[in-house]
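A note on names: the letters A, B, ... follow the listed sequences, proteins ahead of strands, and every chain is numbered from 1. FYI, side chains are in, hydrogens and waters are out, and symmetry mates aren't considered; it's all heavy atoms of this structure.
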Number of protein chains: 2
Amino acid sequence: MIQYILLGFLNYQPMTGYDLKRALDHSTGHFWHAYHSQIYTTLRQMEKDGLVTSQFVMGEGQPDRRTYTITEQGREMLSVWLSRPLTEAVSVKEELLVRLFFSGQRSNESILAELTVQREIHQQKLAEYRKMQQEMEEQAKCLPLPSLQRDSVFWMATLKMGMRYEQAYLDWLSETIQTVQSL
Amino acid sequence: MIQYILLGFLNYQPMTGYDLKRALDHSTGHFWHAYHSQIYTTLRQMEKDGLVTSQFVMGEGQPDRRTYTITEQGREMLSVWLSRPLTEAVSVKEELLVRLFFSGQRSNESILAELTVQREIHQQKLAEYRKMQQEMEEQAKCLPLPSLQRDSVFWMATLKMGMRYEQAYLDWLSETIQTVQSL
DNA sequence: GTGACATATGTCATTATTGACATATAATTC
DNA sequence: GAATTATATGTCAATAATGACATATGTCAC
């Protein structure tokens, strides 16, 4: 998966591993996390596979940088991947639900403490997404390239799903906290 | 993670790998999937670690079965895990959002086809969860052990999150389909 | 000047997960 | 009687992901 994400970004412009890590952290990282270790090793593998090329630039006054550029083969691979639609349910991994499922043996206080912390975490996430939405709407007014206008519709769509997810999570947490309190 | 799920089930009663696979598929599998291969290998490892013991029963008229029983150490490990609350955001993995994020280069038709299939998938999931909820509510009236009454509150809570998630997903899919149609 | 932080790139051992391959019996259906 | 499905348990190679360890420079504040 991470390989397609990297191709997706490199399809816009050449970037270094560090650039990519930052780009991910502010966008796709919210729905597909990656450590920098995974990014650097995947980029190396992709170079071996001919999906990208790299240029090492000795740092003059700055640390050395290795810039990766997508190849025609890389673009082709990204296109093929995008053209083959997801036709199955993706598997969800929700550790909190696993924990709650087996929480019959726990005290109400222990459970409530955990759910309350989670509510704070998801409130922060929602606030973060709302801020991102505002910033994105402002940036959309003055995009450097008109071709990015179309892209920004999809970026915004992913953000909207993030907000719906966080809102649903928050609503459920409040409901569940109430339920546990009344036990 | 899968290890704690297995301990969670074995904490109720001794079970075989096959039993566990079925139990997971009808419950926790909806928020933490596991192949039978992972279940069997994890059970073996857990036996080495002293978390479970196993009794092999030659099948008389039925296939051979290896029944796993949780040990005191296993119960302890489960308890410790449950008592250490999740205090961080769990990382989400949403392949559809990754795909949509980089879908600027795709045709509207291709995107709409994918979103429509996803809507059907999530509608089915929601229907499945609603059916499970009905069954659970009926079963709750005549539980074999009164101690399960408390547990069923948490099982129901996880199911409710599943329904909220699917509903949020469906609402977002409809919204996004409309957005793409109007491009 | 020194300590902290951002920039920048990597390695590596371990664990987790995937999904195909393999095997055998019993019951049911055609 | 042949095929299919459910029961039941495993192996294994490959991939993906985790998170610690390692290193070096530039900048800024104190």
> Can you tell me how far C1' of D:dA8 sits from CD of B:Gln55, to the nearest Å?
Replying inline: 17 Å

> Rounded to whole angstrom units, what separation is found between the CD atom of B:Glu95 and the C1' atom of D:dA16?
Replying inline: 13 Å

>> Please tell me if B:Arg65 has a side-chain N or O lying less than 4.0 Å from either OP1 or OP2 of D:dT9.
In response: no

> What is the distance from CG of A:Leu20 to P of C:dG10, rounded to the nearest Å?
Replying inline: 12 Å

> Reckon B:Tyr35 has a side-chain N or O less than 4.0 Å from the OP1 or OP2 of C:dT17?
Replying inline: no

> If you check the A:Thr41 side chain, which of C:dT11, C:dT17, D:dA8 turns out closest?
Replying inline: C:dT11

> Taking atom P of C:dA16 as reference, at what distance in whole Å does atom CD1 of B:Ile2 sit?
Replying inline: 11 Å

> Roughly how many Å is it from CG in B:Leu24 to P in D:dA8, rounded to a whole number?
Replying inline: 16 Å

>> Just N and O in the side chain of B:Arg22: are any of them under 4.0 Å from OP1 or OP2 of D:dT7?
In response: yes

>> I want to verify a distance call: between D:dG10, D:dA17, C:dT9, whose nearest atom is closest to the B:His36 side chain?
In response: D:dG10

>> Looking at D:dA17, I'd like to know if its phosphate oxygens (OP1 or OP2) sit under 4.0 Å from a side-chain N or O belonging to B:Lys93.
In response: yes

> Could you give the distance from NE2 (A:His30) to OG1 (A:Thr158), rounded to the nearest 0.5 Å?
Replying inline: 9.0 Å

>> Closest-nucleotide mapping onto DNA chain D: is A:Trp32 or B:Asp19 further toward the 5' terminus? I mean the 5' end.
In response: B:Asp19

> Do A:Thr16 and A:Asp19 get their side chains close enough for a donor-acceptor pair, meaning under 3.5 Å?
Replying inline: yes

> B:Arg66 has a side chain; which of D:dT18, C:dT7, D:dG10 sits nearest to it?
Replying inline: D:dG10

> Tell me: CD of B:Gln3 to C1' of C:dT17, nearest whole Å?
Replying inline: 15 Å

> When all nucleic acid strands are considered with a 4.0 Å heavy-atom cut-off, which category describes A:Ser37: base, sugar-phosphate, or nothing?
Replying inline: base

>> With a 4.0 Å cutoff (strictly under), does any side-chain N or O of B:Tyr18 reach OP1 or OP2 of D:dT7?
In response: yes

>> On the nucleotide C:dA16, are OP1 or OP2 found under 4.0 Å from the side-chain N or O atoms that B:Thr42 carries?
In response: no

> Going from CD on A:Glu94 to CZ on A:Phe101, what distance comes out if it is rounded to the nearest 0.5 angstrom?
Replying inline: 15.0 Å

> Can you tell me if CD on B:Gln13 sees more than 12 non-hydrogen neighbours from other groups inside 6.0 Å?
Replying inline: yes

> Do you see a donor-acceptor pair shorter than 3.5 Å between the side chains of A:Thr28 and A:Trp32?
Replying inline: no

>> Whole angstroms only, please: what is the CD-P distance between B:Gln38 and C:dA20?
In response: 15 Å

> Please give, in whole Å, the distance from C:dT17 P to B:His33 NE2?
Replying inline: 11 Å

